[in-house]
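Reviewing the structure listed below.
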Amino acid sequence: MDKLTVIVLFVFLVFNSILGQEDYTSKRKQMVDAQIKARGIVDYKTLYALLNVPRHEFVPEEMKPYAYNDNPLPIGMGQTISQPYIVAFMTQSLQLKGKHRVLEIGTGSGYQAAVLGKIVDSVYTIEIVDELAQRAKETLARLEYTNVMVRSGDGYNGWPKKAPFDAIMVTAGAEYIPQPLIDQLKVGGRLIIPVGPHNRVRNLVLVTKKKNKIVKKNLMAVRFVPFTRDE
Ligand code: SAH
C-alpha cells in the first residue's frame, strides 16, 4: 500500500468509529426518552446513569445492534441482561444517595452494577456463573468502573464482610427472600427482589427495613431468570 492509501484508510476508520459511537449515543438518548421517561421514571440519578452507561458494551458482539431495544437480551450461559425499563424501575425504587454502599446479587453482564456504580459510592456484586463473573469483571475494568467489586459465587449468603448495606438488589427470580440479605440491610435500607413460584411470573417486592419490623410492598409483575443455589 502506498502512503496515500494508508492515510485514506486511517481517516476512514477514525470517522467510522466516531460515527458508530454517535449512533450508540443517540440510540441511548432515544431509549431513555421513549422507554424510561415516557413510562414515568423521574429520578434524575437513574436517568443520568441510563443515559451514560454504554449498554452495548455489556452485550455479546452479535447483540450490539439490539442493545438499546425495549427488551431483555441473551448474554450467554442461558442468562439475560434485563430490559432497560426494568433496570431503571428497580434502580429508582431503591432511592439511592451518592454515599450509599449497595449489594447486587446476579451480576450477569455487569450492566446493572455499572448503572448503580454511576450513582453510589460503592457496589458489591455476586454472580454464580463463574464465566459471567469473569467477563463482567473484565468489562467493568475496561470501562473503568473502579467502584464496582465483582465476586464469583452463590449470593444467597450476601457479602458479610462488607455488610451492612444501604440497599440490596437481587436480579434473579427467587422463591422466597433470603434471610441473610435482610440481615445485611441497614435499618432504613431498601431491598428489591423478584419473588414467586419457580418459572412463573413473579412479583417485584420492595422490602424496607424499619427499626422493629420489615415492610414488604409488591410493585409489579415481572419475569426473571431463576435464582439458583450452589450445592
Ligand atoms: N443484573 C444482570 C442481569 C441478571 S440475570 C445484568 O445487568 O446483566 C440474573 C443473573 O443472576 C444470572 O447471571 C444468574 O447466573 C445469576 N444468579 C442466579 N442465582 C444466583 C445466586 N444464587 N447468586 C448469584 N448470582 C445468581
Side-chain angles (χ1 to χ4, degrees), residues 28 31 35-36 46 49-50 52-60 63-64 66-69 71-94 96 102-120 123-140 142-143 145 148-160 162-163 165 167-182 184 191-196 198-199 202 204 222-231:
R28 197 154 57 241
M31 172 193 87
Q35 303 173 34
I36 314 294
T46 301
L50 270 282
N52 285 286
V53 177
R55 184 171 161 96
H56 63 279
E57 299 282 3
F58 292 85
V59 302
M63 288 296 149
K64 283 191 176 176
Y66 316 109
Y68 296 97
N69 287 8
N71 46 258
L73 290 172
I75 54 170
M77 312 298 287
Q79 305 303 327
T80 56
I81 178 174
S82 306
Q83 180 190 5
Y85 174 67
I86 296 293
V87 171
F89 183 88
M90 291 176 82
T91 305
Q92 169 171 274
S93 67
L94 291 178
L96 299 167
V102 179
L103 174 68
E104 182 201 18
I105 309 299
T107 316
S109 67
Y111 175 68
Q112 174 73 71
V115 165
L116 294 168
K118 276 268 180 226
I119 301 175
V120 302
V123 180
Y124 293 84
T125 179
I126 309 178
E127 169 56 52
I128 202 165
V129 178
D130 187 56
E131 196 176 317
L132 291 178
Q134 299 314 328
R135 214 191 293 157
K137 234 183 235 179
E138 281 168 27
T139 309
L140 290 160
R142 179 164 53 81
L143 300 172
Y145 287 90
V148 180
M149 277 57 73
V150 183
R151 208 178 83 184
S152 164
D154 181 354
Y156 183 89
N157 290 307
W159 196 319
K162 297 296 174 185
F165 298 94
I168 300 179
M169 183 187 290
V170 180
T171 61
E175 286 175 41
Y176 61 93
I177 306 173
Q179 187 59 40
L181 299 185
I182 295 178
Q184 287 173 34
L191 179 160
I192 189 158
I193 177 169
V195 188
H198 186 62
N199 271 344
R202 305 183 209 244
L204 205 46
V222 283
R223 275 183 194 280
F224 267 87
V225 295
F227 190 94
T228 54
R229 299 296 315 278
D230 266 350
E231 294 311 324

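All residue numbers refer to positions in the sequence shown, counting from 1. In listed order, ligands and their atoms are each counted from 1. Since the structure is predicted, the reported quantities are computational estimates derived from the model, not experimental observations.
Counting the atoms of ligand 1 from 1 in the order shown, those under 4.0 Å from a heavy atom of I105 are 23 (N), 24 (C). Near A172, meaning under 4.0 Å from one of its heavy atoms, ligand 1 places the atoms 11 (O), 18 (C). Within ligand 1, the atoms closer than 4.0 Å to a non-hydrogen atom of F227 are 18 (C), 19 (N), 22 (N), numbered from 1 in the order shown. Close approach to V129 involves these atoms of ligand 1, each under 4.0 Å from a residue heavy atom: 15 (O).
Of the protein's non-hydrogen atoms, T80 O, 3.2 Å is the one closest to atom 3 (C) of ligand 1. Protein heavy atom nearest atom 19 (N) of ligand 1, with residue, atom name and distance: T228 N, 2.9 Å. Ranking protein heavy atoms by distance to atom 23 (N) of ligand 1, first place goes to G155 N, 2.8 Å. For atom 11 (O) of ligand 1, the closest heavy atom belonging to the protein is G106 CA, 3.2 Å. Annotation: atom 12 (C) of ligand 1 to nearest protein heavy atom, Q79 OE1, 3.2 Å. Scanning the protein heavy atoms around atom 17 (N) of ligand 1, the nearest turns out to be I128 CG2, 3.7 Å. The protein atom (non-hydrogen) at minimum distance from atom 8 (O) of ligand 1 is S109 OG, 2.6 Å.
The shortest side-chain heavy-atom distance between Y68 and P84 does not fall under the 4.5 Å cut-off.
Of the polar atoms of S82, none of the N or O atoms is found under 3.5 Å from an N or O of ligand 1, judged by distance alone. Looking at ligand 1, you'll find an N or O of Q112 within less than 3.5 Å of one of its N or O atoms.
Judged by the shortest distance from any of its heavy atoms, A136 lies outside the 4.0 Å radius around the atoms of ligand 1. Using a 4.0 Å cutoff on heavy atoms, A113 does not count as a contact of ligand 1. Using a 4.0 Å heavy-atom cutoff, T125 is absent from the residues neighbouring ligand 1. Within the structure, ligand 1 lacks M77 among the residues with a heavy atom less than 4.0 angstrom away.
Take P60 and apply the side-chain contact (heavy atoms from CB on, under 4.5 Å) test, not counting sequence neighbours, and it matches E62, M63, I75.
Contact between E175 and V195 at its shortest, heavy atoms only, is O-CG1, 3.6 Å.
Between Y111 and F58, the ring-plane angle classifies as perpendicular under the 30° and 60° cut-offs.
Of the candidates E127, E131, R151, R55, it is E127 that places a heavy atom closest to atom 10 (C) of ligand 1.
Taking the charged nitrogens against the carboxylate oxygens, R142 and E138 have no contact shorter than 4.0 Å, which rules out a salt bridge.
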